[in-house]
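Presented below is the structure to which this report refers.
This is a predicted model, so every value here is computed, not measured.
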Amino acid sequence: MIFLMMIDTPEDKRKFVVLYEKYRHLMMKVAMDILKDSYVAEDAVHNAFLKTAKHMDCIGETDSTETKRFLITVTKNAAIDLYRKRRKRMQKEIYVDELGEENAPLNYMETDVENEILEILKNLPVKYRDVFLLKYSSNLDNVQIAEICGIQEGTVRQRIARGKCLIEKELRKLEGDNHEDNSGD
């Protein structure tokens, strides 16, 4: 494993191997739920393990909830980053002269909105973002999320509700900014 060359101490190398064996399938599932492509999901998991190898000092016990949460978060962020890169590349591949006049602005606007929503999600406080993404990206139910995060099911419901409020607030801000931009024309 190339990852082991990045790690200094033998204890951290052993810990990394345990993490890899124990969590790689879960990390792959998280990445697949976001990316819907096994090859790109493998890249996301690879990137997540690279980040993990660089930050072994952030890892406590391999069986702890915090470690599991850390790995899930790193994997989600790696998958979202790849998703964004992929969307940008796909958008660049569309030739404007192949599109009808009426479709071009709408296509770009939809992509901008999607990117803004992803940015809002990425900037949510971690405790809300993790629960929110597990619920809506991974399609897990509240009991499963509570189990993964080591919290009560009621706390999951509360964090989802608060996360929705934060997202709605940010979307209203964006709509206000867009309305001001358009009214000045």
Side-chain angles (χ1 to χ4, degrees), residues 1-93 111 113-151 153 155-156 159-160 163 167:
M1 288 170 91
I2 296 172
F3 301 117
L4 295 177
M5 293 170 48
M6 299 172 61
I7 302 171
D8 296 327
T9 66
E11 299 86 33
D12 282 348
K13 288 181 181 189
R14 281 191 292 278
K15 187 188 293 186
F16 185 86
V17 170
V18 170
L19 291 173
Y20 182 83
E21 291 299 322
K22 184 171 182 133
Y23 294 110
R24 66 184 167 152
H25 296 292
L26 172 64
M27 292 168 73
M28 185 66 177
K29 181 191 178 332
V30 169
M32 273 296 293
D33 287 343
I34 294 168
L35 297 165
K36 311 288 190 241
D37 180 328
S38 62
Y39 295 112
V40 181
E42 285 177 13
D43 290 342
V45 172
H46 175 80
N47 292 344
F49 274 119
L50 279 174
K51 289 178 186 173
T52 302
K54 289 178 185 175
H55 300 286
M56 284 303 290
D57 54 324
C58 296
I59 306 290
E61 294 295 318
T62 56
D63 292 329
S64 73
T65 303
E66 289 81 19
T67 299
K68 192 173 192 178
R69 229 182 278 156
F70 175 82
L71 293 172
I72 288 171
T73 301
V74 169
T75 304
K76 283 189 296 192
N77 290 337
I80 289 170
D81 288 346
L82 284 178
Y83 176 81
R84 284 185 182 146
K85 287 177 186 174
R86 215 167 135 203
R87 293 289 293 176
K88 282 182 184 177
R89 187 175 39 230
M90 287 172 57
Q91 194 64 36
K92 287 178 183 176
E93 291 174 2
T111 301
V113 170
E114 288 173 5
N115 288 337
E116 289 170 349
I117 291 171
L118 283 174
E119 195 62 35
I120 290 171
L121 284 174
K122 191 171 184 178
N123 291 326
L124 276 177
V126 174
K127 67 182 183 179
Y128 300 125
R129 181 181 62 217
D130 288 348
V131 170
F132 202 84
L133 288 174
L134 286 171
K135 177 78 172 181
Y136 296 105
S137 288
S138 301
N139 296 318
L140 298 177
D141 62 31
N142 293 352
V143 174
Q144 292 170 313
I145 296 169
E147 210 173 279
I148 289 170
C149 296
I151 57 177
E153 184 182 356
T155 305
V156 171
R159 288 182 182 177
I160 289 170
I167 291 169

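Nearest approach of D63 to Y23, heavy atoms of both residues: CA-OH, 3.9 Å. Nearest approach of L124 to G163, heavy atoms of both residues: CD2-O, 4.3 Å. Nearest heavy-atom pair across L82 and A44 is CD1-N, 3.3 Å. Closest of all the heavy-atom pairs between N47 and A78 is CB-CB, 4.2 Å. Looking at every heavy atom in both residues, K36 comes nearest to D33 through NZ-O, 2.5 Å. The shortest non-hydrogen separation linking A79 to L35 is O-CD2, 3.3 Å.
For the atom pair CD1 of I145 and OG1 of T155, the computed distance is 12.0 Å after rounding to the nearest 0.5 Å. Here the CD1 atom belonging to I72 is positioned 10.0 Å from the NZ atom belonging to K29, to the nearest 0.5 angstrom. Separation of atoms CD1 (I151) and OG1 (T65) is listed at 10.0 Å; rounding is to 0.5 Å.
Counting heavy atoms from C-beta on, the side chains of V126 and R69 never come closer than 4.5 Å. In this structure, the side chains of V74 and M27 stay at 4.5 Å or more apart for every pair of heavy atoms. Using a 4.5 Å cut-off on side-chain heavy atoms (C-beta onward), R86 and D37 make contact. Two residues are said to be in side-chain contact when any heavy atoms from C-beta on lie closer than 4.5 Å; N77 and R129 meet this criterion. Residues V131 and K127 are not in side-chain contact: their nearest non-hydrogen atoms beyond the backbone lie 4.5 Å or more apart. Here the side chains of L19 and T67 are in contact, with some heavy-atom distance below 4.5 Å.
Ring geometry for F49 versus F16: interplanar angle over 60°, hence perpendicular rather than tilted (30 to 60°).
Judged purely by atom type and a 3.5 angstrom limit, Q144 uses its side chain to pair as donor or acceptor with the backbone of D141.
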(Q) Does M56 form a side-chain contact (heavy atoms from CB on, under 4.5 Å) with T52? I'd like the steps, not just the answer. (A) CA-CA 6 Å; M56 284 303 290; T52 302; 4.2 Å; yes
**Q.** Criterion salt bridge (Lys or Arg N to Asp or Glu O under 4.0 Å) on R159 and D130, from CA distance to verdict
**A.** CA-CA 9 Å; R159 288 182 182 177; D130 288 348; over 6 Å; no
**Q.** Evaluation steps, side-chain contact (heavy atoms from CB on, under 4.5 Å), between H55 and I59
**A.** CA-CA 7 Å; H55 300 286; I59 306 290; over 6 Å; no
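Atom CD of E11 sits in a crowded spot, with more than 12 heavy atoms from other residues, nucleotides or ligands closer than 6.0 Å.
Looking at residues two or more places apart in sequence or on another chain, you find a salt bridge (Lys or Arg N to Asp or Glu O under 4.0 Å) between K51 and D81.
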